[in-house]
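All values reported here derive from a predicted model rather than from experimental measurement. Chain A is the first sequence line, chain B the second, and so forth, proteins listed ahead of strands; every chain is numbered from 1.
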Number of protein chains: 2
Amino acid sequence: MARPQAFDTQEALHCAMHVFWRKGYEATSLSDLLQATGLSKSSLYATFGSKHDLMLKAFDKYRTDRQLDMSRMLDVTPARPGIEAFFRMIVEDVRSPEQGSGCMSINQAVELAPHDTEIRCRIESDFQAIEQALAHAIDRGQADGSVTAKCPPADLAKLMVVAFPGLQVLTRSGIERLRVDEGLALVLALLD
Amino acid sequence: MARPQAFDTQEALHCAMHVFWRKGYEATSLSDLLQATGLSKSSLYATFGSKHDLMLKAFDKYRTDRQLDMSRMLDVTPARPGIEAFFRMIVEDVRSPEQGSGCMSINQAVELAPHDTEIRCRIESDFQAIEQALAHAIDRGQADGSVTAKCPPADLAKLMVVAFPGLQVLTRSGIERLRVDEGLALVLALLD
DNA sequence: ACCATTTAGGACCGATAGGTACAAAACTAA
DNA sequence: TTAGTTTTGTACCTATCGGTCCTAAATGGT
C-alpha cells in the first residue's frame with residue numbers, strides 16, 4: 001500500500017525515554033530527542049505527537065518497565081535481601097553516570113507533578129504501588145523471619161516509602177557516597 | 001555625585017528569591033524576575049549580573065534566612081516539639097500555594113545540583129547543617145526525656161535527614177494529605 | 001546653573017525553543 | 001508501470017530565551 005516506516009516505534013520510544021529520564025522534561029530539547037531517536041522531526045511528530053505527548057508515552061513505558069523490575073526484585077525468598085537490593089538500586093542508579101538518574105517518577109514528582117495533572121496521577125499511583133509492594137515484601141519478611149515483627153508491615157512500608165525519595169534526593173545532590181551509604185544502612189536497619 | 005538607585009537592593013533580591021524558590025531556575029524567565037522585582041532589565045543586570053549570578057545570591061539569602069529559622073525552631077526546650085515543628089513546616093510549606101515550594105535547597109538538589117558545582121557545594125553544606133542541628137536537638141531531647149534514648153543521636157539525625165527530602169517530594173507530588181501525614185507521624189514516631 | 005556620574009528605559013541581538021507546511025521520495029497493490 | 005498512499009527531509013514560522021548597548025533622565029557637588 002504505502003511506504004513503510006524506516007524505524008522501530010518501540011525502540012525510538014525507548015531512546016526518548018532515556019533522554020527524559022536522564023535530563024528531565026524541560027532540559028530535554030526537541031533536537032536532543034531527534035538525535036537520540038535518530039528520527040526526523042516530521043516522523044517524530046507524526047508518530048508521537050507533541051513533546052508533552054511523547055513524554056507521557058515515554059513515562060508510561062518507564063513505569064511499566066520499572067513495575068516489572070520492582071516485582072522481580074521484591075518477589076524473592078527470603079524477602080529481606082530483595083528489599084535491600086531495591087534500596088541499593090536507587091542509590092546506585094543515581095550514581096551511575098549514563099544509565100539514567102535514579103527513579104524517573106521521583107524526578108518527575110519534583111519537576112512536573114506540581115503543575116501537570118496527568119503526570120501527578122501517574123506518580124500518585126506509582127508511590128502507591130511501591131508502598132504496596134514493600135508492604136507485601138515486609139509481610140513475607142516477617143513470616144520468614146528476615147524482618148522484625150515489632151512493627152506492622154503497613155507502617156514499615158510507609159516509612160520506607162518516605163525514605164525512598166529521600167535517599168534519591170540525597171544521592172543526587174552529590175553528597176559524599178559514604179554519608180548516603182550510612183543513611184541507607186540506617187533505613188535498612190529499621191527492618192531489624 | 002550621581003543619580004541614586006530607585007529601588008532597595010535587598011528587597012529586590014528577596015523578590016527574586018521567592019520566584020526562584022517557587023518556580024525553580026530554568027522555569028524562571030528573565031521577565032518573571034523583572035516583573036517580580038519591578039526592576040528594569042538594565043538595573044537588574046547592573047546590580048546582580050547574570051541570571052545565574054542572581055540565582056546564587058538569591059539562594060544564599062534563602063540559606064541564611066532558613067538557617068536562622070531552623071535554629072530558632074530547634075533551639076527550644078523541651079526539644080521534641082521543636083523537631084516536630086520543623087518537620088511539620090516542610091510539609092505545610094509545600095502545601096501552601098504561594099509561600100514557596102518547600103525547601104529550596106531540596107528543590108535545587110534535584111534541579112541544579114547534578115550539573116552545577118557551586119550549587120552542589122552549598123546544598124551539601126545545607127544537609128550537613130540540618131543533620132547537625134537535628135543531632136543536637138535530639139541530643140538535648142534525650143537529656144530532657146522527650147526523645148527515646150535507645151538510639152544514638154547521630155543515627156537518629158541521619159535517619160531524619162533522609163526522611164526530610166522524602167517527605168517534601170511526597171508532598172510535592174500531590175499525594176493525598178492524609179497519606180503524607182501518616183508518613184510524617186511515623187517518622188516522628190522514630191523519636192519514641 | 002552646570003557638570004560629572006550613575007541609573008533606567010527600551011531597542012536590539014543571535015540563538016534556540018517547539019511546532020507546521022509542503023514537496024519529494026519510497027514503497028505496495030493493482 | 002503506474003496510481004495511490006505514507007514517510008521523510010527540509011524550509012520555515014513565531015515566540016521567547018538570556019544578554020548587550022546606547023541614549024536619555026535624574027541627581028548631588030561645585
Side-chain angles (χ1 to χ4, degrees), chain A residues 1-60 107-108 111-112 114-119, chain B residues 1-60 107-108 111-112 114-119:
Chain A
M1 298 265 300
R3 178 177 177 177
Q5 262 191 347
F7 61 92
D8 181 328
T9 304
Q10 283 308 307
E11 191 183 317
L13 188 58
H14 182 83
C15 296
M17 178 193 84
H18 267 279
V19 184
F20 280 130
W21 187 359
R22 185 157 20 92
K23 308 186 59 166
Y25 180 73
E26 291 294 345
T28 297
S29 70
L30 253 289
S31 43
D32 288 334
L33 293 167
L34 298 182
Q35 194 186 338
T37 58
L39 305 196
S40 71
K41 200 179 264 198
S42 47
S43 302
L44 188 137
Y45 272 88
T47 313
F48 300 109
S50 69
K51 181 188 175 188
H52 188 259
D53 290 344
L54 175 53
M55 167 62 182
L56 286 180
K57 284 171 180 138
F59 190 31
D60 281 337
N107 294 341
Q108 287 313 311
E111 186 184 2
L112 292 187
H115 314 98
D116 188 322
T117 315
E118 294 178 289
I119 295 283
Chain B
M1 303 245 318
R3 180 176 176 177
Q5 262 191 349
F7 61 92
D8 181 328
T9 304
Q10 283 308 308
E11 192 182 316
L13 187 57
H14 183 83
C15 295
M17 177 192 84
H18 268 279
V19 183
F20 280 129
W21 188 0
R22 186 157 18 94
K23 309 186 60 166
Y25 181 73
E26 291 295 345
T28 297
S29 70
L30 253 291
S31 43
D32 287 333
L33 292 167
L34 298 183
Q35 194 185 338
T37 57
L39 306 196
S40 72
K41 199 178 264 198
S42 48
S43 302
L44 187 139
Y45 272 88
T47 313
F48 300 109
S50 69
K51 181 188 175 187
H52 189 258
D53 291 343
L54 176 52
M55 167 62 181
L56 285 179
K57 284 173 180 136
F59 190 30
D60 281 338
N107 295 340
Q108 287 313 312
E111 186 184 1
L112 293 187
H115 315 98
D116 188 323
T117 315
E118 294 178 291
I119 295 282

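Between B/Ser40 and C/dG9 there is a side-chain N or O to OP1 or OP2 distance below 4.0 Å. Residue A/Ser42 places none of its side-chain N or O atoms closer than 4.0 Å to OP1 or OP2 of D/dG9.
The separation between A/Leu44 atom CG and C/dG19 atom C1' is 11 Å, rounded to whole Å. Regarding A/Gln5, its CD atom lies at a distance of 12 Å from the P atom of D/dG9, rounded to whole Å. For the pair A/Phe7 CZ and C/dA26 P, the interatomic distance rounds to 17 Å; values are reported in whole Å. To the nearest angstrom, C1' of C/dG19 lies 17 Å from CZ of A/Phe48. In this entry the distance linking CG of A/Asp8 with C1' of D/dT8 reads 17 Å, nearest Å. Distance, A/Leu39 CG to D/dT8 P: 8 Å, rounded to whole Å.
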For nucleotides 12-18 of chain D, 5' to 3', base contacts (B), sugar-phosphate-only contacts (S) and non-contacts (-) with protein non-hydrogen atoms under 4.0 Å give -----SS
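Between A/His52 and B/Gly38, the residue anchored nearer the 5' end of DNA chain C, judged by the nucleotide with its closest heavy atom, is B/Gly38.
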When the side chains of residues 41-49 of chain B are checked against the rest of the protein, which donor-acceptor pairs come out under 3.5 Å, sequence neighbours left out?
unit_1, atom_1, unit_2, atom_2, d
B/Ser42, OG, B/Ser40, OG, 3.2
B/Ser43, OG, B/Ser40, OG, 3.0
B/Thr47, OG1, B/Ser43, O, 2.6

Determine all donor-acceptor pairs shorter than 3.5 Å in which one atom belongs to a side chain in residues 7-16 of chain A; sequence neighbours excluded.
unit_1, atom_1, unit_2, atom_2, d
A/Asp8, OD1, A/Gln10, N, 2.8
A/Asp8, OD1, A/Glu11, N, 3.2
A/Thr9, OG1, A/Gln5, OE1, 3.1

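Applying the side chain to side chain donor-acceptor pair (under 3.5 Å) test to B/Lys23 and every residue at least two apart in sequence or in another chain returns B/Asp32. Partners of B/Phe20 under the ring pair (Phe, Tyr, Trp, His ring centres under 6.0 Å) rule, at least two apart in sequence or in another chain, are B/Tyr25. By the side chain to side chain contact (heavy atoms under 4.5 Å, CB included) test, A/Glu118 pairs with A/His52, A/Leu56, A/Asp116, A/Arg122, sequence neighbours left out.
Using a 4.0 Å heavy-atom distance criterion, A/Ala46 is classed as making no nucleic acid contact.
The two residues B/Glu111 and B/Glu26 have their closest heavy-atom pair at OE2-N, 2.8 Å.
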